Structure formats: structure tokens, C-alpha cells
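Naming convention: chains lettered A, B, ... in sequence-line order (proteins, then strands); numbering from 1 in each chain. Model, not experiment: these values are computed from the prediction.
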Amino acid sequence: MWSSSRLSREPSMPSSPEPIRVRFAPSPTGYLHIGGARTILFNWLVARKAGGQMVLRIEDTDQTRHVEDSVQKILDDLRWLGLDWDEGPQAGGDLGPYFQSQRLDIYNQYLQQLLENGHAYYALETPQELERMREKAKKESGGFRYPRPNPLPTVAQGLLAKREGKPVVVRCKMPNDDITVHDSILGDITLSADQFEDFIIQKSDGFPTYHFACVIDDALMKITHVLRGQEHLMNSHKHVALQRALGFPTPHYGHMPVIFNLDGSKMSKRDKEKAVKAGLPPPEIEVHDFRRAGFLPEAILNFIALLGWSTGDDRETYTLDELMQAFSIKRIGKTNAKFDRAKLLSFNTDWATRLPLPKLLEHLKDYATINDLPMRSATDDLFIRLLQACAGFRTFTDLQKKIGFLFVDDEAIEYDPKAVKKVLAKNDGAGYSMLEQIRAKLETLTDWSGASIDALVKALCESLDTKMGNVAQPIRVAVSGSTVSPSIGETLELLGKNRTLQRIDRCLAIRSTS
RNA sequence: GCCCCCAUCGUCUAGUGGCCUAGGAUACCGGCUUUUCAUGCCGGCGACAGGGGUUCGAGUCCCCUUGGGGGUGCCA
């Protein structure tokens, strides 16, 4: 499952003294979001192309939002995508721990430093007080910016309040000068000092906020390049201020365009609940949704790589290895993109015909397993035959719809009323009569192979001077319950002679009792 | 409200002053292939948000307007 075809990697360039190190830092609040998948992809591509390292770090500083098992789920879907990491959970590394919740001592140490050198101070407002201030400011001027207390609470005062059990936070004292962030995608972004506010770096529960933990960890883990979503753009100035206060270098930043739904709304996992409530099928939002829906990781990766990045030529099909060769931060765009599932579908269809059989087999087994489908117990040989019989399929779900009848008991086949009416019952039961004729012929067939079944059907068509559909469709409906299955020879061969005849008999029997 | 970012077919995008009567992909429409569903092949429809500049010449540079997005959390 771990991408064994280790992508051909250039050995790291001996000429560059500073190896490129990137990170992906999800917070464990659920499954891996498709936008997060693109974030790690771009980071991964940068690292792998340069022979650098990929760090995976878990940002679990919000105890209230922590979701059980989500780290496991995120890692599992990352592996399924074929994206690996050199340091982090399950990979080890010298610069850990890689869970922020296990790094509290480290954060506290730097916090002391900032408190001592005056770059940070204790703030004593309660959340309720802040809320009131915010509301008041909103009414009066439309926006709230935390006013720095004058004089600042002393460290002694802060400590005392803490001991008394009051909610005390630590805030970063922002500089009085403008800050310019050099963004490799957007260019220089300058924010004037009057836009800054002294933001919280340690919460009253003793945990660091995202900004603080992120800046310290990026520095300590020697991260050189930070590619993240544009929603973080305004955070960079805070991060740069913190880096300066702490004496850390600033990594290279790049803020990527954001991915939205086709209607312009945010792609949110809540979209799924909303759709269900409206009686609609839930849309795929998280990587796991796509996995469960029968998409191929190669197609997903290829598709999301093209959301906000392109090479400039007309080529659209890339393997992960090819993406790595072609990738360049310089060619990341600035424009937000909408996620078009129809186009993903076409990529998937393409990859379904392009991927070598063993890969397809691996993915199909994964699909059958995570969906707990009856076909999951099939042998590799059978899976391969199914894949071949369904050539041209778009997703594994389409394949499942096409051959699912093979894994249902003969007595449990449900007949689609529409199919029965159209193919069997119409014209005074012409289809049933045809079925009786063909059943007799099939029974005498000794060589039960797709080719000879097809030949038999063809011969019957010719002798009756009728179209293939008039013969094949009644059989198809009789054995599968629907009008869709692989070619008729293939369908019957896969089912086997006994089951074929049994199903035809049952179909005819049901007719006479209704 | 304030601050920041963005702006080419419905969608993803190519395009960095003349190669653009704007290219590709997808979607859609039509045709062909076909024993079902798909696939595949051929053809068609379809965009430079608006207004000012700059220039011999603007999708490409500048300004304004409009539109979209983001930030303004003891979330990340």
C-alpha cells in the first residue's frame, strides 16, 4: 500500500548547503480535506523535486476540537494517495516530538524568553470582557482591534492573577513598523503597523495558539519553505513579527489560491449533511469521500495538481513522478479555483484505462474493503477479470453497479421493474419467449466460454433475423435484474452455467406467478 | 467598517505589448462506433467584467469602478 514504486528521486544537490524542508501540519479534527490534500501535494512536490525532506506535524493545540482517531485517518488517506513523509508520526525523526501537544515545555521556554525581553506580556481580560469590547467596537467603528493596555500588566501581576485562577493569556507585542512579507506566489505584501494588534500566543489553558506553536516548530524543525492556503496570508505578518522577536529566520512563504465549490461556497464537510437533509446524495469533500466513491488516487492527485498550477503547455495528464519533474512554485497561479467534479470524473476515467492492472487491482480491493462490499472476498484473478470485463468504467462505483449481481445469491436477485417491462414483458412477453428459446440452447452448450456464448447468441440472432439487443437484453435482465452488465458472453461466463440457468428459470417462474 | 489578495469560455486553464480573427481540457450539443451501460472517434457552441489612460499597437502595463475571495477568534 505504501507507494512501493519509490519515485525516482534525484539525490539531494550537494551544492545547496541548506536542504529544502517543508511540512504539512494538519489539525486532527476529522478526515483529510481535499484542499489539505492539495496543500500537502504541492509541498511534497517541492521537497521531492529538490531532494529535500517532508515533515508531518500534528497541530493539536485545540483540545476542544480534537477528534478521536483522526490522526490515524489522515495518515491512512495520505498513504492511499501515495504521499509519504520523512519525519513525523510513524516515521520518527530527530526534531520531534511531532505532536504539538507534546511540545508544551518547548513553547513555554520561548514564552519566558519573550516575557522577559518585553516582546510579550500577560493580558488579564476575560473572554466575556473581550466579547463586550468587540461588540461595542463593531457598533461604533465596524471593527475591533485589541487596545494595548497602558501601563502593561507586569509579569508579577500576571502570575498573581493566574494563581488566583483567573483566565490569563499571553499576548505578543507587535512592532511599530510596517512589515513586508515576501511571497513567492503573490509578491511583496506590506501591512502597515496600524493594522497590527497584540494577538494571543498562549491561551489561558496553557496551550500555545496556532501562531506561536507554528512559528516555533517551523524554526526548530528547520522548515525552509511554507506553502499554505491564501487564508493564511494575513497571518504571515504575525509570524514574521514573532520570528523577529524570537530571533528565528523567516522561511520562504507562498500562499496558494483557495479551492471552492462550483457555486462559489466553501467546500465544507457540512455540505454533506446539508445535501442529505435536502434528499440529495452527499458531495465528496474529504479525500476519504472520494476514496469511498471509487476514485483513483492517481486521478485525484493529477486533478488537484492542476487546481492553481499548470506547466503552460497543453498537457494535462501527469503521474505523481511526472508532476514532481514538472513542478515549480513559480507556476502556481493566484486565482481561486472551483472544484469541478465532472472534470475529476473524466480524469478518473482516463486513469482507469491508463493504470497498469496490478495498480488497478490494488485500488479496487481497497475500494471493496472500505465499502465492505460482498465482492471484497473475490480472488485476485476474479478481480482482474472484472476489471477487464468492465473496461471503460468511470469509477469503481460504476464497476460495482455493473457486476454487483455476481455477488448476490441467485434467489436474491431483484428485478428492476422498468427493465422487466421494457425488455421482457413488452409485446405480449416477447422477451420471455426469447428467453425460453435461448435457455434451451444454452443448456446444450458444452463450452461455457464468453466467445462461444457470444457465437451462440449471434447465431440465434441470424437465424431469427433479429437484432442482438432483442436476444441479449432478455438474458441480461434475467440474470442480473437490470439492463446493464458486461458483454453478454462475459456476463454469462462469469456467472457460470448453473447459475445462469437457475436465474433464467427463476425469472421465468416469477413471470408465471405474477 | 477597516485591511489584504484576485479577475480570460459554465468550470480548470494557456497567454508576461505585435505570433490572439485568444489555444487546450472539461461540460454541453450534434454525428460515428456499439448486444446494454460506459469507453473511443469526429464536428459544433462558448471568454479577455466595465470605464479611463500609456503606446504606432493592450487580454497582456497604470488608474478607477464593479465583482469574487480572505483577514479582523483564548480555531487552525
> Does R315(A) make a side-chain N or O approach to OP1 or OP2 of rC12(B) shorter than 4.0 Å?
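So the side-chain polar atoms of R315(A) never come under 4.0 Å of the phosphate oxygens OP1 or OP2 of rC12(B).
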
> How would you label the contact of E125(A) with the nucleic acid (heavy atoms, under 4.0 Å): base, sugar-phosphate, or nothing?
base

> Across the strands shown, which category fits D398(A) at heavy-atom distances under 4.0 angstrom: base, sugar-phosphate, nothing?
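D398(A): no heavy atom of the nucleic acid under 4.0 Å.
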
> Rounding to an integer number of angstrom, what distance separates rU72(B) and rA14(B) when you compare their P atoms?
29 Å

> Specify the separation, in whole Å, of atom CZ of F196(A) and atom P of rG71(B).
18 Å

> If you compare every side-chain N and O of T61(A) against the phosphate oxygens of rC75(B) (OP1, OP2), does one of them come in below 4.0 Å?
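For rC75(B), neither OP1 nor OP2 has a side-chain N or O of T61(A) closer than 4.0 Å.
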
> When the P atoms of rG23(B) and rC5(B) are compared, how many Å lie between them, rounded to an integer?
32 Å

> Using Watson-Crick or G-U wobble geometry with both distances under 3.5 Å, which nucleotide pairs with rA38(B)?
none

> Confirm from the modelled atom types if T209(A) and rC74(B) form a donor-acceptor pair under 3.5 Å, side chain to base only.
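Under the 3.5 Å cut-off, the side chain and the base do not form any donor-acceptor pair.
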
> In the strands shown, is rG67(B) matched to any nucleotide by a Watson-Crick or G-U wobble pair with both distances under 3.5 Å, and which?
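Result: rC6(B).
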
> Between rC5(B), rG71(B), rC74(B), which nucleotide has the shortest distance from any of its atoms to the side chain of Q230(A)?
rC5(B)

> Closer than 4.0 Å, any side-chain N/O of R134(A) to the OP1 or OP2 of rC74(B)?
yes

> Expressed as a whole number of Å, how far does the P atom of rC4(B) sit from that of rC63(B)?
13 Å

> Kindly point out which of rC2(B), rA76(B), rU35(B) is positioned nearest to the side chain of Q195(A)?
rC2(B)

> Is H232(A) touching bases, backbone alone, or none of the nucleic acid, heavy atoms closer than 4.0 Å?
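Since a base atom lies under 4.0 Å of H232(A), the category is base.
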
> Decide, yes or no, whether a salt bridge links K73(A) with D69(A) under the criterion of side-chain N to carboxylate O below 4.0 Å.
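Between D69(A) and K73(A) there is no salt bridge, as every charged N stays at least 4.0 Å from the carboxylate O atoms.
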
> Using the P atom in both, what is the distance from rC28(B) to rC6(B), to the nearest Å?
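rC28(B) and rC6(B) have their P atoms separated by 33 Å.
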
> Let me know the distance between CG of L32(A) and P of rA76(B), rounded to the nearest Å.
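Interatomic distance, CG of L32(A) to P of rA76(B): 19 Å.
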
> Which one, rC6(B), rG24(B), rA76(B), comes nearest to the side chain of T335(A)?
rC6(B)

> Contact class for N235(A) (heavy atom, under 4.0 Å): base, sugar-phosphate, or nothing?
base

> Within the modelled atom types, does a donor on one side and an acceptor on the other bring the side chain of K334(A) and the base of rC5(B) under 3.5 Å apart?
no

> Verify the ring-centre separation between Y210(A) and H239(A): is it less than 6.0 angstrom?
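Under 6.0 Å, so yes.
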
> Please check the phosphate of rG70(B) (OP1 and OP2 only) for any side-chain N or O of K266(A) closer than 4.0 Å.
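Checking K266(A) against rG70(B): at least one side-chain N or O falls below 4.0 Å of OP1 or OP2.
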
> Say we look at rG44(B) and rA22(B): how far apart would their P atoms be, to the nearest angstrom?
14 Å

> For rU39(B) and rG15(B), measure between their P atoms and round to the nearest Å.
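One P to the other, the span is 31 Å.
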
> For the side chain of K343(A) and the base of rA25(B), is some donor closer than 3.5 Å to an acceptor across the two?
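Looking at the base of rA25(B), it does pair with a donor or acceptor on the side chain of K343(A) (distance under 3.5 Å).
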
> With the threshold set at 4.0 Å, does a side-chain nitrogen-carboxylate oxygen contact exist between R145(A) and D194(A)?
no

> Could you pick out which residue, K458(A) or V169(A), lies toward the 5' side of RNA chain B when each is mapped onto its nearest nucleotide?
K458(A)

> Could you tell me which nucleotide pairs with rU60(B) by Watson-Crick or G-U wobble geometry, both distances under 3.5 Å, or answer none if nothing does?
none

> rA27(B) and rG40(B): how far apart are their P atoms, nearest whole angstrom?
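My reading of the P atoms in rA27(B) and rG40(B) gives 9 Å.
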
> Quick check, are the ring centers of F303(A) and F339(A) under 6.0 angstrom apart?
yes

> Once you apply a heavy-atom cut-off of 4.0 Å, does D454(A) come out as touching a base, just sugar-phosphate, or nothing?
base

> When the ring planes of F396(A) and Y367(A) are compared, do they come out parallel, tilted or perpendicular, using 30° and 60° as the limits?
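Geometry flag for Y367(A) against F396(A): tilted rings.
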
> Heavy atoms only, 4.0 Å cut-off, all strands: where does G312(A) land among base, sugar-phosphate and nothing?
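Sugar-phosphate contact only.
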
> Where along residues 296-310 of chain A does a heavy atom come under 4.0 Å from RNA chain B, residue by residue in number order?
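Heavy-atom cutoff 4.0 Å gives L306(A), L307(A), G308(A), S310(A).
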
> Choosing from rU36(B), rA14(B), rG69(B), which nucleotide comes nearest the side chain of F260(A)?
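Selected nucleotide (nearest to the side chain): rG69(B).
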
> Nearest to the K338(A) side chain among rC74(B), rU11(B), rU36(B), which nucleotide is it?
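The closest nucleotide is rU11(B).
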
> Kindly determine whether D340(A) and K343(A) satisfy salt bridge (charged side-chain N to carboxylate O under 4.0 Å, His left out), including the steps that lead there.
CA-CA 6 Å; D340(A) 186 353; K343(A) 182 149 182 169; over 6 Å; no

> Can you figure out which of rA76(B), rC37(B), rG15(B) approaches the side chain of Y210(A) most closely?
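That would be rA76(B).
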
> Of the nucleotides rC74(B), rG71(B), rU36(B), which one has an atom closest to the side chain of R171(A)?
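From the listed options, rC74(B) comes nearest.
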
> Counting only side-chain heavy atoms from C-beta out, which of rG69(B), rU72(B), rU35(B) sits nearest to E197(A)?
rU72(B)

> Sequence neighbours excluded, which residues qualify as salt bridge (Lys or Arg N to Asp or Glu O under 4.0 Å) partners of E129(A)?
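E129(A): no salt bridge (Lys or Arg N to Asp or Glu O under 4.0 Å) contacts found.
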
> So if I take every side-chain heavy atom of I189(A) and compare against rA76(B), rU35(B), rC4(B), which nucleotide ends up nearest?
rC4(B)

> Scan every strand shown for a Watson-Crick or G-U wobble partner of rA25(B), both distances under 3.5 Å, and answer none if you come up empty.
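Paired with rA25(B), as far as the under-3.5 Å criterion goes, is rU11(B).
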
> Which heavy atom of Y415(A) sits nearest to which heavy atom of C507(A), and what is that distance?
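Taking every non-hydrogen atom into account, OH-CB, 3.4 Å.
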
> Taking the six-membered ring for Trp, are F327(A) and F42(A) ring centroids under 6.0 Å apart?
yes

> Side-chain N or O of K203(A) versus OP1/OP2 of rG73(B): is the shortest distance under 4.0 Å?
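No, no such contact exists.
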
> With a non-hydrogen cut-off below 4.0 angstrom, is P167(A) in contact with a base, only sugar-phosphate, or nothing?
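Contact class for P167(A): base.
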
> Between rG59(B) and rG1(B), how far apart are the two P atoms, rounded to whole Å?
33 Å

> Scan the side chains in residues 159-167 of chain A for donor-acceptor partners under 3.5 Å anywhere in the protein, sequence neighbours excluded, and list what turns up.
from    : atom 1 : to      : atom 2 : distance (Å)
E164(A) : OE1    : K166(A) : NZ     : 3.2

> Quick test of your reading of the model: are R134(A) and E131(A) salt-bridged, counting only N-O distances below 4.0 Å?
yes

> Using purine N1 to pyrimidine N3 plus N6-O4 or O6-N4 for Watson-Crick, or N1-O2 and O6-N3 for G-U wobble, both under 3.5 Å, which nucleotide pairs with rA76(B)?
none

> How would you label the contact of E59(A) with the nucleic acid (heavy atoms, under 4.0 Å): base, sugar-phosphate, or nothing?
sugar-phosphate

> Base of rU39(B), side chain of R394(A) - is there a donor-acceptor contact under 3.5 Å?
no

> Starting at the 5' end of RNA chain B, which residue's closest nucleotide do you reach first, L233(A) or T64(A)?
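Per heavy-atom nearest nucleotide, the more 5' residue is L233(A).
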
> Which one is paired to rC19(B), where only Watson-Crick or G-U wobble pairs with both distances under 3.5 angstrom count?
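Across all strands, not a single nucleotide pairs with rC19(B).
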
> When you measure from the side chain of D340(A), which nucleotide among rC4(B), rU11(B), rC74(B) comes out closest?
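That would be rU11(B).
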
